[in-house]
Structures are given as C-alpha cells and as structure tokens.
Amino acid sequence: MLSFDQALSQLLGAASALAEASSLPTLAAAGRVLAQAQRAPIDAPPLDNSAMDGYAVAVSDVRQVPTRLSVAQRIPAGSVGSPLQPGSAARIFTGAAIPAGADAVVMQELCQHVAGEVTINHLPEAGDHIRRAGSDIAAGSEILAAGQRLRPQDTALAASVGIASLPVLRRLRVAVFFTGDELRMPGEALQEGAIYNANRFLLTGLLDALGCELRDHGQVPDDLVATRQALRAAALDSDLILTSGGVSVGDEDHVKAAVEAEGRLEMWKIAIKPGKPLAFGQVRGVQREVAFIGLPGNPVSSLVTFLMLVRPFVLKMQGVRRTAPLSYRLRADSEWARPDARREFLRARINADGGVELFANQGSGVLTSAVWGDGLVDNPPQQAIRRGDMVRFVPFSELLS
C-alpha cells in the first residue's frame, strides 16, 4: 500500500506542464496561469504625488504655527502644477503630482482657507504625505512570477504599470464521464436500487473552480465496449480523463479493463482514509497519450482524493508552480478516539472561538460532512486527537483554487 506522500510524488512526477501560451488582454486574464514573468516598464507611482487632499508647501516657508501663505494654484489629480513660488502654497488633491519646490503636504483638516490664503496650523516635516516615484514599484523590477494563477489584484498590478496584455497558458482540457447503471440525474424518476449522480456535480464543479476547460461526456453504461468507446472519445481532445467508480474488479466494473485495453493502468491502494483505491494510467490518443485518473465512487472519497491528490496533479499540468495548499495549526475542540492505521482527512470546521470541531460521522458516503465543514484535518496514522491538541487544518478555500 502506498503512503499518501508516495502517491502524491508519483502523480506529480508524471504530470507534464502545458507549454502552449497566448496573449490575453489584461482585463480578461484573471483566473489564468501566467506563462512568463512580468517586469514593470515604469515606476509606480510614476511621479511624486500627494497621499491626501491638502496643501503642498515648502517646509522652509512654515517655521511656526500659524503661518499664512497665499494659495497660488490648484492641482487636481491628473494635472501637473507650476513650480511653487516662495511664500505660497498649492491646493492639492489625492494623487496629484507634487509641484517643484514643494517638499511636504499638510492635510486640509489642519488648515484654514479663506479668500485666496491658507493658514497652516501644523509644522510639517519634509516628505509628509508625499508618495515618492517608484516607492511601490521600481521600473525593471519583477512584479509577477511565471506559473502563478492570476488573481484580480495581480491583473490590477499589471495594469498599474501599463501592461495591456499578458501571456497565459491555455486552459487544461479535462474529460469526465461516469459509469454505473444505477445512476440517475436529478429530475429523473428514482427506481428502487437507483441513486442520484452526485459525483457528476462534484467533479465538474471542482474542475470548473480550478479553471479547467471541461468536456463532460456524461453517464456511460456498465459495458466494456461502451466504456472503451467513451475513453477513445475523451482522448481525442483532452489532456486528462477523470472518472469516478468502476475501477474495482467486480463483474460490472469495466473501467479498469477498458483502460488496460486502450492504454495502460496502475491500480493503487493508498494508505489514506477516505479514498484508499485510486487508478492512474494513460489512454492512447491520436497523437499522444492522455493521462487517466479513476477516483473511488463514494462521494466523500472522491472529494478527498480529488482535493489532496488530483488537484496538485491538475495544477502542475496547468503550469502552476505552487501545488501544495496552505495549512494551519489550530486547536482541536473535538475528540477523535478511533484513529485509523491510515492517514486520515477528517471533515471539520472552525468554530467561533477559533478551534476546530470534527463532524461526528466521518463515513465516506456522508456528503453532509463536507457541506457542514469548511476544511479537512490532516491526521497522521494512528493518531488520536484530544481536546486542546494542535492539529493541521487545510481549509476548503485553499483547496478550491
């Protein structure tokens, strides 16, 4: 049986990152993976500017308070004033360029402006409330690293230095299909022995959250010929084929035999709970082999194995550099007296006191545990948890991006 770390290492070792890139307008690039590092073509801010509304002055003109100065000009944001004459001040607004001759800004709340003159009621120091050119970004410095998924703040940073388009890797194409004659879609009649196909909604939603280009091939009959046909169709235009269920050795489990006929397959037993079985292999495509991962059929097992094993595989294929989720050491506010010999991923949530509570029923078919919880406790093998122990908590917010 493979350990979790061994399985993850083997998956990441087999993941080939995409190389195809194209240029997108910066306004449309959020959510995509950056193909090349970006450097600032200009300083940001490009000029010394005011950090607030007030009056630009020369410190040498304000030796005592109060001091009265003539207001010689008005400088709104987007305009450049004239050089400041001795004994004068400039009415200035947030973001406006500091005029030559001024070396401080006095906030308007500390001034009185009457009939073309301003009374300064505060002794300024040189540099007060001035944002210097290049204080945020120096021209030529790297502002965005290759291999990061672009967030809104990242595209905003690129825009702030005038970058109008960004090179991004193409979206990862993932094909999914689901086997099981017992499966029905919501809205269909549920005959005795049938169940609704929750995993279709689970996996397509998870892939969409990761920014994949989805090919949903729907439900495939429990039949070897049909399963092989589904694999061939999925391999035509995808980078990864993902299924749930049907990879055991039962008479009605045809995915294993179909993948072996259309490519090659490794069946892994991984020392984790939930989600022990996982299938990994390759399916022959027209010009290349396409990665295949078969997940267990229980919905919580599918969720955990996807988040902890498939997600990093997908991220690496997408060209993302950081594949490991952030985790936090938090106080356990629940007991776990029945540890397993395998590494456990326990559904949990953070309470109002900042502690972690475990869902009472950790069964692999209890999907309510994943809705109730807001993350997973990564519990080592044979490790009991007592109230007050520090546990490793991985929030779903980390695992869904």
Side-chain angles (χ1 to χ4, degrees), residues 23-63 65 67 69-111 113 118 120-168 321-322 326:
S23 181
L24 272 187
T26 301
L27 194 58
R32 302 296 293 271
V33 178
L34 189 64
Q36 298 173 348
Q38 297 296 294
R39 295 185 176 277
I42 61 170
D43 285 333
L47 297 169
D48 291 356
N49 70 92
S50 179
M52 59 182 53
D53 295 347
Y55 294 86
V57 299
V59 170
S60 59
D61 284 338
V62 187
R63 299 291 190 181
V65 291
T67 291
L69 302 172
S70 64
V71 179
Q73 56 184 309
R74 182 177 184 274
I75 311 174
S79 64
V80 177
S82 303
L84 195 66
Q85 298 302 311
S88 71
R91 178 72 167 115
I92 197 165
F93 297 87
T94 303
I98 300 296
D103 57 4
V105 172
V106 182
M107 65 173 61
Q108 62 187 11
E109 292 84 355
L110 301 176
C111 304
H113 187 179
V118 63
I120 309 295
N121 297 310
H122 171 75
L123 283 176
E125 295 184 4
D128 279 357
H129 307 304
I130 294 177
R131 296 184 291 215
R132 296 297 183 188
S135 58
D136 185 14
I137 303 167
S141 63
E142 182 176 305
I143 58 169
L144 295 170
Q148 68 180 90
R149 192 183 303 281
L150 294 167
R151 303 164 298 173
Q153 57 264 47
D154 299 321
T155 56
L157 186 65
S160 75
V161 292
I163 298 176
S165 61
L166 291 166
V168 297
R321 297 288 175 87
R322 184 175 71 85
L326 292 176

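In this structure, His113 NE2 and Ile120 CD1 are separated by 10.0 Å, a value rounded to the nearest 0.5 Å. For the atom pair OG1 (Thr155) and CG (Leu27), the distance works out to 7.5 Å, reported to the nearest 0.5 Å. Rounding to the nearest 0.5 angstrom, the gap separating the NE2 atom in His129 from the CG atom in Asp53 is 11.5 Å. Taken to the nearest 0.5 Å, the CZ atom of Arg63 stands 10.0 Å off from the CG atom of Leu123. Rounding to the nearest 0.5 Å places CD1 of Ile163 at 8.0 Å from CG of Leu157.
Under a 3.5 Å cut-off, the side chain of Thr26 and the backbone N or O of Ser165 do form a donor-acceptor pair. No donor-acceptor pair under 3.5 Å is formed between the side chain of Ser88 and the backbone N or O of Ser70. For the pair Asp43 (side chain) and Ala133 (backbone), a donor-acceptor distance under 3.5 Å is absent.
You'll find the side chain of Ser160 reaches within 4.5 Å of the side chain of Ile137, heavy atoms only. The shortest side-chain heavy-atom distance between Leu166 and Leu24 does not fall under the 4.5 Å cut-off. Thr94 has its side chain within reach of Arg131: a pair of non-hydrogen atoms, C-beta onward, lies under 4.5 Å apart.
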Evaluate the side-chain contact (heavy atoms from CB on, under 4.5 Å) criterion for residues Arg149 and Asp154: first the C-alpha distance (whole Å), next the side-chain angles of each, then the deciding distance (0.1 Å), finally the verdict. CA-CA 9 Å; Arg149 192 183 303 281; Asp154 299 321; over 6 Å; no
Evaluate the side-chain contact (heavy atoms from CB on, under 4.5 Å) criterion for residues Leu69 and Val62: first the C-alpha distance (whole Å), next the side-chain angles of each, then the deciding distance (0.1 Å), finally the verdict. CA-CA 9 Å; Leu69 302 172; Val62 187; 4.3 Å; yes
Start with the C-alpha distance between Gln85 and Asp61, add both sets of side-chain angles, then the distance that settles side-chain contact (heavy atoms from CB on, under 4.5 Å), and finish with yes or no. CA-CA 10 Å; Gln85 298 302 311; Asp61 284 338; over 6 Å; no
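No more than 12 heavy atoms of other residues, nucleotides or ligands sit less than 6.0 Å from atom CD of Glu125.
Between Leu144 and Ala158, the shortest heavy-atom contact is CD1-CB, 4.1 Å. Looking at every heavy atom in both residues, Ala44 comes nearest to Val161 through CB-CG1, 3.9 Å. Contact record, Arg132 with Gly127: NH2-CA, 3.8 Å, taken as the closest heavy-atom pair. Between Leu110 and Val106, the shortest heavy-atom distance links the atoms CB-CG1, 4.0 Å. Scanning all heavy atoms of the two residues, the minimum distance from Ala89 to Tyr55 falls at CB-CB, 4.5 Å. The shortest heavy-atom contact between Ser82 and Pro99 is O-CB, 3.3 Å.
Gln108 and Arg91 share a side-chain donor-acceptor pair at under 3.5 Å.
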Table please: side-chain donor-acceptor pairs of residues 29-42 below 3.5 Å, with sequence neighbours left out.
| unit_1 | atom_1 | unit_2 | atom_2 | d |
| --- | --- | --- | --- | --- |
| Arg32 | NH2 | Leu169 | O | 3.1 |
| Gln38 | NE2 | Gln36 | O | 3.1 |
| Arg39 | NH1 | Gly140 | O | 3.0 |

